[in-house]
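Just so it is clear, the structure is predicted and the values come from calculations on it, not from any experiment.
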Amino acid sequence: DRVMWALGRAAESHVRKALIKAIPEYVFGRWACPCGYSTLEGTGQYAYSHRKCGRCRKGITQYREYTLIDEQRGVVGNPDIMILKNGLLTVVECKSTNDKGLQERVKANAPTANHAGQGLYYRRMAERAGFAMAPSIRVLYIKKEWKWNVTPYFELDVCEADKGYKTTLDLMDSTAEEIHRIRKDGRMPARLGKCT
């Protein structure tokens, strides 16, 4: 399991670094210097053109995922990447997979419900935090296995209106609100009925 998760993180890190190098003017996030003393928020281009850290004297150019916080529901989320273009933010959720998994996504021409739900919920959280959001998110599948002359990427555009995702997201909201209320009140949740 640890190897699988490490490969997934490496794939995500590779994509993020490639995007930052290719389009720094669009990659939005939090940026830090190597010592972590100085941070700023904005695009990579803004971070690269900014002053150096007053402590370590290095650039404030190390990408950090942007943390979204929904106080009302007690939810914290960290989108893999956010792209800022024409004043709108787009959440990009990166998912690593094997060849079989990638072919399943290509054949279905859709992300898994969990992957779409995760990215769309980040979009909802960012919108609630006051960001102007693009209407859709991107789910980017990255194949971990190497195959000659075959692209390791498959990207999908997903909207909340697609496939009833709004209902799922509303359920996630109500579940989070209930859990948050229960934690604040210090009480146990209602017991579920018997398993059928």
Side-chain angles (χ1 to χ4, degrees), residues 1-97 111 114-115 117-134 136-146 151-156 158 176 180 183-184:
D1 284 352
R2 288 189 202 121
V3 170
M4 180 185 68
W5 289 113
L7 289 170
R9 284 191 302 274
E12 174 193 319
S13 176
H14 164 73
V15 167
R16 187 182 294 126
K17 285 177 185 173
L19 283 173
I20 291 168
K21 184 176 180 182
I23 53 168
E25 67 274 21
Y26 298 128
V27 178
F28 180 87
R30 288 212 167 98
W31 304 83
C33 64
C35 77
Y37 178 75
S38 296
T39 61
L40 56 87
E41 177 183 304
T43 63
Q45 187 173 31
Y46 172 70
Y48 293 158
S49 66
H50 207 269
R51 61 178 167 65
K52 296 191 182 309
C53 171
R55 183 180 285 174
C56 71
R57 312 303 300 159
K58 307 264 185 188
I60 307 170
T61 58
Q62 294 185 356
Y63 180 84
R64 301 286 184 260
E65 289 179 351
Y66 193 91
T67 300
L68 297 166
I69 301 170
D70 183 337
E71 297 283 350
Q72 180 182 339
R73 293 162 190 86
V75 178
V76 176
N78 294 292
D80 293 329
I81 306 166
M82 290 198 293
I83 303 294
L84 178 63
K85 194 169 183 181
N86 299 324
L88 298 176
L89 269 179
T90 300
V91 169
V92 180
E93 192 59 27
C94 297
K95 296 298 178 188
S96 63
T97 186
N114 286 346
H115 297 162
Q118 182 180 1
L120 287 167
Y121 202 78
Y122 290 149
R123 183 197 171 282
R124 191 177 265 200
M125 289 176 70
E127 194 167 51
R128 286 179 178 148
F131 289 104
M133 300 303 294
S136 62
I137 64 154
R138 308 296 289 182
V139 178
L140 177 63
Y141 286 96
I142 309 153
K143 184 171 65 170
K144 295 180 277 191
E145 299 163 357
W146 181 83
T151 181
Y153 306 112
F154 183 60
E155 187 178 15
L156 292 155
V158 186
H180 189 54
R183 284 182 172 158
K184 278 173 54 176

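- To the nearest 0.5 Å, atom SG of residue Cys94 and atom OH of residue Tyr141 are 11.0 Å apart.
- When side chains are defined from C-beta on, His50 does not count as touching Gln45, because their heavy atoms never get closer than 4.5 Å.
- For the pair Leu68 and Pro79, the minimum side-chain heavy-atom distance is below 4.5 Å.
- Around OH of Tyr37, the count of heavy atoms belonging to other residues, nucleotides or ligands within 6.0 Å does not exceed 12.
- The minimum heavy-atom distance linking Thr39 with Ala32 is given by the pair CG2-CB, 3.9 Å.
- Residues Pro34 and Lys58 share a closest heavy-atom pair of CD-CB, 3.5 Å.
- In this structure, Arg30 CZ and Asn78 CG are separated by 9.0 Å, a value rounded to the nearest 0.5 Å.
- Contact detail for Leu88 and Ala134: the closest heavy-atom pair is CB-N, 3.8 Å.
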Item to check | Pair Ile60-Tyr48, side chain to side chain contact (heavy atoms under 4.5 Å, CB included): steps then yes or no | outcome: CA-CA 7 Å; Ile60 307 170; Tyr48 293 158; over 6 Å; no

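- Listed for the Arg9 side chain is no donor-acceptor partner under 3.5 Å among the backbone atoms of Met4.
- Using cut-offs of 30° and 60° for the angle between ring planes, the Tyr63 and Trp31 rings count as perpendicular.
- Side-chain contact between Val75 and Tyr121 is present, with at least one heavy-atom pair separated by less than 4.5 Å.
- In this structure, CD in Glu127 is found 11.0 Å from CG in Leu120, a value given to the nearest 0.5 Å.
- Inter-residue side-chain proximity for Leu19 and Ile81 is flagged as met; some heavy-atom pair is nearer than 4.5 Å.
- Here the side chains of Ser136 and Val158 are not in contact, with every heavy-atom distance at 4.5 Å or above.
- Here the shortest heavy-atom pairing between Asp70 and Arg128 reads OD2-NH1, 3.3 Å.
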Checklist entry - Should Phe28 and Phe131 be marked as a ring pair (Phe, Tyr, Trp, His ring centres under 6.0 Å) after you check the CA-CA gap, both sets of side-chain angles, and the distance that decides it? => result CA-CA 12 Å; Phe28 180 87; Phe131 289 104; 5.8 Å; yes

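- A salt bridge is defined here as a Lys NZ or Arg NE, NH1 or NH2 lying under 4.0 Å from an Asp or Glu carboxylate O, and Lys85 with Glu25 fails to meet this definition.
- With Arg138 as reference, Val92 is the one residue of Ile83, Val92, Val91 to meet the side-chain contact (heavy atoms from CB on, under 4.5 Å) rule.
- Put simply, the side chain of Arg16 reaches to within 4.5 Å of the side chain of Asp80, judged on heavy atoms.
- Within a 6.0 Å radius of CZ in Arg183, no more than 12 heavy atoms belonging to other residues, nucleotides or ligands are found.
- Between Leu140 and Val15, the closest heavy-atom pair is CD2-CG1, 3.6 Å.
- Considering OG of Ser96 and NZ of Lys143, their distance stands at 13.0 Å, rounded to 0.5 Å.
- Of the inter-residue distances, the one linking Arg55 atom CZ with Ser38 atom OG reads 8.0 Å to the nearest 0.5 angstrom.
- For the residue pair Glu41/Tyr66, the side-chain donor-acceptor check at 3.5 Å is satisfied.
- Counting heavy atoms from C-beta on, the side chains of Leu84 and Tyr26 never come closer than 4.5 Å.
- The shortest heavy-atom contact between Met82 and Leu89 is CB-CD2, 3.9 Å.
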Checklist entry - Tyr122 and Ile137: side chain to side chain contact (heavy atoms under 4.5 Å, CB included), yes or no, with the steps? => result CA-CA 9 Å; Tyr122 290 149; Ile137 64 154; over 6 Å; no

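- Checking His115, Gln118, Arg123 one by one against Glu93, the side chain to side chain donor-acceptor pair (under 3.5 Å) holds for a single residue, Gln118.
- Proximity of Pro24 to Thr43: side-chain heavy atoms (C-beta onward) are nowhere separated by under 4.5 Å.
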